[in-house]
Amino acid sequence: MFGALRANARWLVIGGLIILNIALITALVVRQSAGTVSAMPVSASTSGETLRPTPGATSVPTPSANQSTTPSQPADSSTPASAERPARTQPSNRLITANSDTMAWRADRGRCGQRARIEVTTDGGHTWRRIESGLRGVVRLQAYGDRSVFAVAADRSCRPTYASAQSPGHNWRQDPSVSSDTWFTAADDPARVHAPGGRADRPCGSSIRAFAATGAAGAAVICADGRVRTSTTGSSWHTVQRHSSAIALGSSDRGLLIAYPSASCDRLMIRQVSAVRNAEPTTTSCAGQLGAVAIAAHGATTWRWVGDQVSAG
């Protein structure tokens, strides 16, 4: 009897050892499997597509318990900017045009039906007096001859009209039929340029930063992306300059004026270029503090309406 018990005990021990080994082997296999799964890429869906970082994205580390989550302080704003960086300013809807080095006209570009305020100077811009033109919605102002001026305006229904005066003391005479033969931008849609003959086009798409009629070259525009484009017919436009900071245009008997801010002299820079394709700048000057801008030229005299100041020189 005792011999049988000893034999059974021996088999029980052997069986226990076998069961223990199986348990150990199973635990080892489970642990290895868990490590393998944690090293696999995360699947975006059951299709097996792997998630990838967004191009250009920067990963942000999670702060540890002893790290501060307070945002970093901005850089010192007193650090001087690069001399090549253009100063910031906004394009304006001002209009200015000159008969000579002492006489010029100015106005604000108006909306449909908006009463026009036209002023004239005969002393180089030192004093100005208001002219009763009876016009509304002025979109173009152009001096001609020694003392004459014409304007393109728009009534409350946005119908364009042409008006002119032989001098500051003469009454304005309106002739709506002439407007169809004149360059101007629409009062209700400044991105649409009207050319002589009735053709209308959008040389910059949905936005024009500035417009000017340029004599022999027809007209010029600054697009929102900084391109300066000209046309003689209104049916095709050619890019002649690429000034991303250009804010104003003006015309002269010598070509096209382009104004843009420059940090190098902290002033408004004015370039006069030939209004032809692939034109190169011919003159450069600094003038006036930055602000709302309008420019024009007659002969060697450049007129600058910048902020509250008008200068000619």
Side-chain angles (χ1 to χ4, degrees), residues 90-98 105-118 133 135-144 149-164 174-241 243 246-252 256-260 275 292-297 303 305:
Q90 296 292 327
S92 74
N93 288 322
R94 289 179 168 180
L95 306 171
I96 191 168
T97 184
W105 308 74
R106 70 180 183 181
D108 286 324
R109 188 186 189 281
R111 299 183 299 273
C112 299
Q114 182 182 28
R115 186 176 182 182
R117 181 183 180 91
I118 299 176
S133 64
L135 298 176
R136 295 179 179 273
V138 171
V139 293
R140 185 182 172 195
L141 194 64
Q142 184 68 56
Y144 67 97
V149 66
F150 76 80
V152 178
D155 61 18
R156 293 184 184 276
S157 299
C158 271
R159 291 173 298 198
T161 187
Y162 174 96
S164 62
Q174 297 188 31
D175 188 349
S177 64
V178 180
S179 59
S180 62
D181 295 322
T182 309
W183 287 99
F184 61 90
T185 54
D188 59 343
D189 184 4
R192 190 172 78 249
V193 177
H194 180 281
R199 179 184 297 276
D201 193 16
R202 293 173 176 271
C204 299
S206 61
S207 178
I208 287 179
R209 189 179 297 175
F211 165 85
T214 58
V221 294
I222 301 175
C223 299
D225 59 9
R227 288 174 298 159
V228 178
R229 313 192 74 197
T230 63
S231 177
T232 57
T233 63
S235 59
S236 60
W237 293 80
H238 306 287
T239 300
V240 297
Q241 294 285 321
H243 296 295
I247 58 171
L249 289 174
S251 62
S252 75
L256 175 67
L257 300 177
I258 306 174
Y260 60 98
V293 175
I295 55 175
W303 288 78
W305 184 11

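Heavy-atom basis, side chains included; hydrogens, waters and symmetry copies ignored.
In plain terms, the two heavy atoms of A248 and A210 that are nearest each other are CA-CB, 4.0 Å. Contact detail for I295 and A259: the closest heavy-atom pair is CD1-CB, 3.6 Å. For the pair G234 and A195, the tightest heavy-atom approach, listed with the atom from each and the gap, is CA-CB, 3.9 Å. The two atoms that bring S252 and A297 nearest to each other are CB-CB, 3.4 Å, heavy atoms only. For the residue pair I208 and P190, the shortest heavy atom distance occurs at CD1-O, 3.7 Å. Nearest heavy-atom pair across P203 and C223 is O-SG, 4.1 Å.
No side-chain donor-acceptor contact under 3.5 Å links R192 to the backbone of D201. In terms of modelled atom types and a separation under 3.5 Å, the side chain of S133 and the main chain of L135 share a donor-acceptor contact. Remark: the backbone N or O of A292 is paired with a side-chain donor or acceptor of R94 at under 3.5 angstrom. Within the 3.5 Å criterion, the main-chain N or O of A107 finds no donor-acceptor partner in the side chain of R117. Listed for the S231 side chain is a donor-acceptor partner under 3.5 Å among the backbone atoms of S236. Counting only distance, with no hydrogens or angles, the side chain of T230 and the backbone of A219 share no donor-acceptor pair below 3.5 Å.
The SG atom of C112 sits 11.0 Å away from atom CZ of R156, with the distance rounded to the nearest 0.5 Å. One finds the CG atom of D108 at 11.0 Å from the CD1 atom of I96 (value rounded to the nearest 0.5 Å). Annotation: the span from S251 atom OG to L256 atom CG amounts to 8.0 Å, rounded to 0.5 Å. Note that CD1 of I247 is 12.0 Å distant from CD1 of I258, once rounded to the nearest 0.5 Å. With rounding to the nearest 0.5 angstrom, the OH atom of Y162 is 11.5 Å from the OG atom of S180. Here CG of D175 is found 12.5 Å from CZ of F150. Values are rounded to the nearest 0.5 Å.
Between L141 and T97, the closest side-chain pair of non-hydrogen atoms falls below 4.5 Å. Under the 4.5 Å side-chain criterion, counting only non-hydrogen atoms from C-beta, V193 is in contact with F211. Residues D188 and C158 meet the side-chain proximity criterion, which asks for heavy atoms closer than 4.5 Å. Under the 4.5 Å side-chain criterion, counting only non-hydrogen atoms from C-beta, R159 is not in contact with P176. Inter-residue side-chain proximity for W105 and L95 is flagged as unmet; no heavy-atom pair is nearer than 4.5 Å.
Around CZ of R136, the count of heavy atoms belonging to other residues, nucleotides or ligands within 6.0 Å exceeds 12.
Remark: R106 pairs with E119 by the salt bridge (Lys or Arg N to Asp or Glu O under 4.0 Å) rule, at least two apart or across chains. For T185, the side-chain hydrogen bond (donor to acceptor under 3.5 Å, both in side chains) partners at least two apart in sequence or on another chain are R109. Residues meeting the ring-ring contact (aromatic ring centres under 6.0 Å, His included) test with F184, sequence neighbours left out: H194.
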Item to check | Candidate pair V138 and Q114, rule side chain to side chain contact (heavy atoms under 4.5 Å, CB included), full reasoning | outcome: CA-CA 8 Å; V138 171; Q114 182 182 28; over 6 Å; no
Item to check | salt bridge (Lys or Arg N to Asp or Glu O under 4.0 Å) assessment of R209 paired with D225 | outcome: CA-CA 9 Å; R209 189 179 297 175; D225 59 9; over 6 Å; no
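A salt bridge links D189 and R202; the closest N-O separation between the charged side-chain nitrogens and carboxylate oxygens is under 4.0 Å.
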